[in-house]
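Below is one structure, written out as structure tokens; the observations come after it.
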Amino acid sequence: MAEKVGKSSYMKLLSNTIVFAIGSFSSKVLVLLLIPIYTNYLSTAELGMTDVLTQIANWLMPIVSLTIAEAIIRFGLDKAYDKKKVFTLGNIVCISGLAIFAVLLALVSATGIADKYIGGYSIILYIYVFTSSMKTLYSTFVRAMEEVKLFAFNGILTTFFTLFWTALFYMVLPKGFLGQDSGILKYLLAIILSDFISIVFLTYKAKLWKYIEIGRLDRDLLHTMLQYSVPLIPAQLLWLITNSSDSFMTTHYLGSDYNGILSATYKIPNLVATVYMMFGQAWNMSAITENDSEDRDRFYENVFDFNQSLLYILAAGCLLIIQPLTKVMIGKDFQECIRYSPILIYSTIFSCFTTFMGSIYLASKQTKRSLVTSLISGIINVGLNIILIPTIKLYGPPISTVCAYLTVFIIRTYDSRKLIPFRIDYFKMIINNVLIVIMMFICLFETNLMAHLFLYFIVFVLFAAVFILNLRSVSSLLYKLLPKRYADRLSQISKVKLVLAFAALLVFIALDLLTKGYLVYTVLFAAFCYACAVRNKKLMLIFTLALPLSMVVRQGLTAPLVMLMILCAISAYFIRSKKAYIACAAAAYLALLSVIFWITVFVSCIALLALAFVFRQRIKDKVFEYAYSKESHKAAESTDE
């Protein structure tokens, strides 16, 4: 008999969402930190080319891997299947596909068919596809193991190394250390190295080698997994066409410079979609595990209502701050993107809605239906791009994207509810869309709202209306999930107080923009001083990291590292801890590294040689001890035999 969806199901969804949010938050911060690096260190043509190469890689990965990662999450979570067999078959399929791709790419490169798009980047493109495919496979299996904390930490680790390599390649190392005009190569190499570190980390931490069984293959399971995953190849490709045909067709009709601006246009609107992914990853797991529950329909109804309310608030909030955020985050050569971003922000609402409806197909193993709706999306997007880009230029891609996602959402809403007939509040959907569309048009027709405060006030009033309309749905689900004492406190907060709090936050953001960040620096430093005064180690650690991080976007890398060194030194004085002294020394070393890289490397090498000489006897003893233990182990094994 099917079990009922209880509070534990909502709690599991919430806890997984929080864990994914923690892991994903770092990647959202990464997006913000990388935007000024890319838009200041790459030309519009280079940024456009990197966008084309990454889109090509994104198109290739579903074909090369046969989207086997989707089968791994679906069958790995299902208790009826053996996880070892699922993971082993996933590896075999993925590695086989990568081997075939290597041969085909070599032939394509030799004939020069795709030189217009991949140029001399075929080898680095293959390595990019290889590491990304394997990282996706391994991280997905970790999710299937329900090791969501490890999955989240891996996201943080990958983010850190992506930022580290990007900052190192563009801001620290000499400009031509990889050769002249190597900006695109640096972009891809930073991602490749971070993905490789992620693969090694997951393999070691989750002991993934224990889940690989080299022996007789389970052909029935392989057939079942491929039957599930193969229809998702064209489905994913068609979604990628919807997402990336804008880039290719803009390059074709208008050139790489325009595509560079379009690429920058997507950066901030994508934050709405990436924030939704925190919930979406957790929701996919819940949709699969709760698929056979007795009151599944009610569960879907509550979650979708929360989902749409959250998306309306996020989209309206993004429209509220898009213009000042663009001026701060986007390089001066890309400021034109503010004309098109509002349309893309609106499109993310329906993009996320279609993703939610698509989870019904995945949970019900009806992946062929996903293929049909994705085909419709691709046809609409490409068709409208052909018509609109030559006539209205960069307004064409955002408009075609909205039309494609809206159409597919309507179709999937009708079709997926045949499988799971949950109720949707259409009246709330219409009211919210009207309000957000008005906000969108105001932002489109006036690209400098800071100079027209009355219009900005109207936008804020519309945001407040969206927030109030959707507050009940968000808070009602949170009330079910939170412990009673916190839920009671939440219910006591009036809507007026929340709106006033948002107004205060808006004023603070405006003042911060006017003071070029020094207001935030002052507040954070004052908080750090307070933490030192009360000797609160946790608060000291938080603000020791928060202040330098807040400086990275505006001040580059050197100033934050110097500030980190100063704060670590102050913390060390108050805490009197060895760890604080080590952190201070490490920050000082990194600060010196960012200013005088090659001298620091040279000094480091000399220091390592000196240490090796001083401790030469200890090192020699350790080497002999290790070699002796290996020999003893082999001798013991031969004796046993």
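On a predicted model such as this, the values are computed, not experimentally measured, just so you know. Numbers here simply count residues along the sequence, with the first being 1.
In this structure, S198 contributes its side chain and G155 its backbone to no donor-acceptor pair below 3.5 Å. Judged purely by atom type and a 3.5 angstrom limit, N154 has no side-chain atom pairing as donor or acceptor with the backbone of L150. The main-chain N or O of V200 is never found under 3.5 Å from a side-chain atom of Y138 such that the two would form a donor-acceptor pair. With hydrogens and angles disregarded, no donor-acceptor distance shorter than 3.5 Å links the side chain of S351 to the backbone of S347. For T67 (side chain) and P62 (main-chain N/O), no donor-acceptor pair under 3.5 Å exists by modelled atom type. With Y405 contributing its side chain and I349 its backbone, the two residues share no donor-acceptor pair below 3.5 Å.
A distance of 10.5 Å separates CD1 in I386 from OG in S400, rounded to the nearest 0.5 Å. To the nearest 0.5 Å, atoms OH (Y187) and OG1 (T162) are separated by 10.0 Å. The structure places OG of S341 at 9.5 Å from CG of L444, a figure rounded to the nearest 0.5 Å. In this structure, K205 NZ and L157 CG are separated by 11.5 Å, a value rounded to the nearest 0.5 Å. The distance from the OG1 atom of T373 to the CD1 atom of I411 is 7.5 Å, given to the nearest 0.5 Å. Distance OG/S229 to CG/L222: 9.0 Å, rounded to 0.5 Å.
Considering all non-hydrogen atoms of both residues, S65 and V93 come closest at O-CG1, 3.8 Å. Nearest heavy atom pair, residue C403 against residue L384, reads CB-CD1, 3.5 Å. Pairing each heavy atom of I72 with each of G90, the nearest pair is CD1-CA, 4.0 Å. In plain terms, the two heavy atoms of A316 and M439 that are nearest each other are O-CE, 3.3 Å. Shortest non-hydrogen contact noted between I389 and M249 is CD1-CB, 3.8 Å. Contact detail for T326 and C337: the closest heavy-atom pair is CG2-SG, 3.9 Å.
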Please assess Y395 against R339 for the test side chain to side chain contact (heavy atoms under 4.5 Å, CB included), listing each intermediate value before the final yes or no.
CA-CA 8 Å; Y395 284 105; R339 298 176 181 275; 3.8 Å; yes
Apply side chain to side chain contact (heavy atoms under 4.5 Å, CB included) to residues L188 and T50 and explain how you reach the verdict.
CA-CA 8 Å; L188 296 173; T50 59; 5.9 Å; no
CA sep, side-chain torsions, deciding dist, call: L89, M225, side chain to side chain contact (heavy atoms under 4.5 Å, CB included)
CA-CA 9 Å; L89 292 171; M225 289 174 66; 4.0 Å; yes
What's the verdict on side chain to side chain contact (heavy atoms under 4.5 Å, CB included) for D195 and Y128, showing C-alpha distance, side-chain angles and the deciding distance?
CA-CA 9 Å; D195 283 350; Y128 181 96; 5.6 Å; no
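Side chains of P397 and L262 form a contact here, defined as non-hydrogen atoms less than 4.5 Å apart. Using a 4.5 Å cut-off on side-chain heavy atoms (C-beta onward), L202 and S139 make contact. Taking 4.5 Å as the limit, some side-chain heavy atom of I95 sits within range of a side-chain heavy atom of M134. The shortest side-chain heavy-atom distance between T131 and K135 does not fall under the 4.5 Å cut-off. Residues W165 and I197 have side chains in contact (heavy-atom distance under 4.5 Å, counting atoms from C-beta outward). Using a 4.5 Å heavy-atom cutoff, the side chains of T250 and K393 are not in contact. Looking at Y346 and L319, their side chains never come closer than 4.5 Å, going by heavy atoms from C-beta outward. Side-chain contact between I392 and I399 is present, with at least one heavy-atom pair separated by less than 4.5 Å.
Exactly one residue among F151, F75, Y211 makes a ring pair (Phe, Tyr, Trp, His ring centres under 6.0 Å) with F141. That residue is Y211.
Within a 6.0 Å sphere centred on CZ of F169, other residues, nucleotides and ligands contribute more than 12 heavy atoms. More than 12 heavy atoms of other residues, nucleotides or ligands sit less than 6.0 Å from atom CG of L104.
Between F201 and F153, the ring center distance clears the sub-6.0 Å criterion.
Using cut-offs of 30° and 60° on the angle between ring planes, the pair F353 and F350 is perpendicular.
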